[in-house]
Amino acid sequence: MKCYIYLFRHGLTHYNKHGWFTGHIDSRMTEGGIRNARKVAKKLRRKKIGIAYHSGLKRSENTLKEVLKFHPECKEIIEDTRIIERCYGKLQKRSHKEFMEDMEVSVSKLIEKKYGKVKRDHKKRFAERLAEEIYDIYHRSYDIPPPGGESIKDVEKRVRPFIQDLLKKVKKEKVNVAISAHGNSMRPLRKYFEKLSTKEMLELENPYDDYFVYSIKV
């Protein structure tokens, strides 16, 4: 006998739309995000769901509510903060663009302080490249967290025990499960179930309007 895990991301939020670091900020879904959630719900409407999980953030909970409108058979809804979004620490509430601009200014000042006046064009090009490198490290590095935040490795550490508990519950109760997660908490979930390398996990892009399904022998 097989049971199924249905994994999906919350709908698009206002922070997502404007390119802001969201993390643990409880940003509302946009109208488009609500449509994303309803699209996932329609795709799953003919499936059977016995247990459902959300992270405790409203975007996760409200996406799950849309899905469960088609599933009166769902007997248990569980909040589990181990699948919450990655914490971006001091970057939360800041736009990606603002971070890049601030970093460019900081790098330019450091260059002038250390080496004196440099041609404006040269300084700007160097500052832009370095700012982009720092952004990529904080945004997609596996083991380097942003200031006061979590790395992807940190997220994986808390998601792994969730997966083990999830599998025990599925096998014990023999039920299908829906998980309303986040872009970064989905990465280690997909890594585990799809047998991906860390590099492959970091390259994942998780859609707002679709789901992934995994079968479990029980």
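Computed from heavy atoms alone, side chains included, the values below leave out hydrogens, waters and symmetry copies.
- Within the 4.5 Å cutoff, the side chain of N16 has heavy atoms near those of the Y208 side chain.
- Remark: I77 pairs with H54, L64, L68, C74 by the side-chain contact (heavy atoms from CB on, under 4.5 Å) rule, at least two apart or across chains.
- In the displayed structure, Q164 atom CD is contacted under 6.0 Å by more than 12 heavy atoms of other residues, nucleotides or ligands.
- The shortest side-chain heavy-atom distance between S180 and E61 does not fall under the 4.5 Å cut-off.
- A side-chain donor-acceptor contact under 3.5 Å links R140 to the backbone of L202.
- With S55 contributing its side chain and I84 its backbone, the two residues share no donor-acceptor pair below 3.5 Å.
- The shortest distance between side-chain heavy atoms of K47 and N176 does not fall below 4.5 Å.
- Residues passing the salt bridge (Lys or Arg N to Asp or Glu O under 4.0 Å) test with E150, sequence neighbours excluded: R158.
- N36 contributes atom CG, which lies 6.0 Å from atom CG of L12 (distance to the nearest 0.5 angstrom).
- Between C87 and P146, the shortest heavy-atom distance links the atoms O-CG, 4.2 Å.
- Only one option out of I83, L204, L7 pairs with M186 in a side-chain contact (heavy atoms from CB on, under 4.5 Å); it is L7.
- Proximity of P188 to M201: side-chain heavy atoms (C-beta onward) are separated by under 4.5 Å at one or more points.
- Annotation for I25: hydrophobic cluster partners, listed by chain and number, are Y15, W20 (ILVMFWY side-chain heavy atoms under 4.5 Å, direct or chained).
- Ring-plane geometry between F21 and Y88 is classed as tilted, the angle between the planes lying from 30 to 60 degrees on a 0 to 90 degree scale.
- Relative ring orientation between F193 and Y214 is described as parallel, the plane-to-plane angle staying below 30° on a 0-90° scale split at 30° and 60°.
- R38 places no side-chain N or O within 3.5 Å of a backbone atom of R35 that could act as its donor or acceptor partner.
- Looking at N206 and R190, their side chains do bring a donor and an acceptor atom within 3.5 Å of each other.
- Taking both residues in full, the closest heavy atoms of R94 and K90 are given as CD-O, 3.7 Å, listed atom of the first, atom of the second, then distance.
- In this structure, E66 contributes its side chain and I34 its backbone to no donor-acceptor pair below 3.5 Å.
- For G149 against D154, the heavy-atom pair with the smallest separation is O-OD2, 4.4 Å.
- The side-chain heavy atoms of V159 and Y192, taken from C-beta on, include no pair separated by under 4.5 Å.
- Proximity of V177 to I216: side-chain heavy atoms (C-beta onward) are nowhere separated by under 4.5 Å.
- In terms of modelled atom types and a separation under 3.5 Å, the side chain of T63 and the main chain of A37 share no donor-acceptor contact.
- The distance from atom NZ of K42 to atom NZ of K69, rounded to the nearest 0.5 Å, is 11.0 Å.
- Among the candidates E156, E85, R86, the single residue satisfying the side-chain hydrogen bond (donor to acceptor under 3.5 Å, both in side chains) test with N184 is E85.
- Distance check, rounded to the nearest 0.5 Å: CE of M29 to NE2 of H10 gives 9.0 Å.
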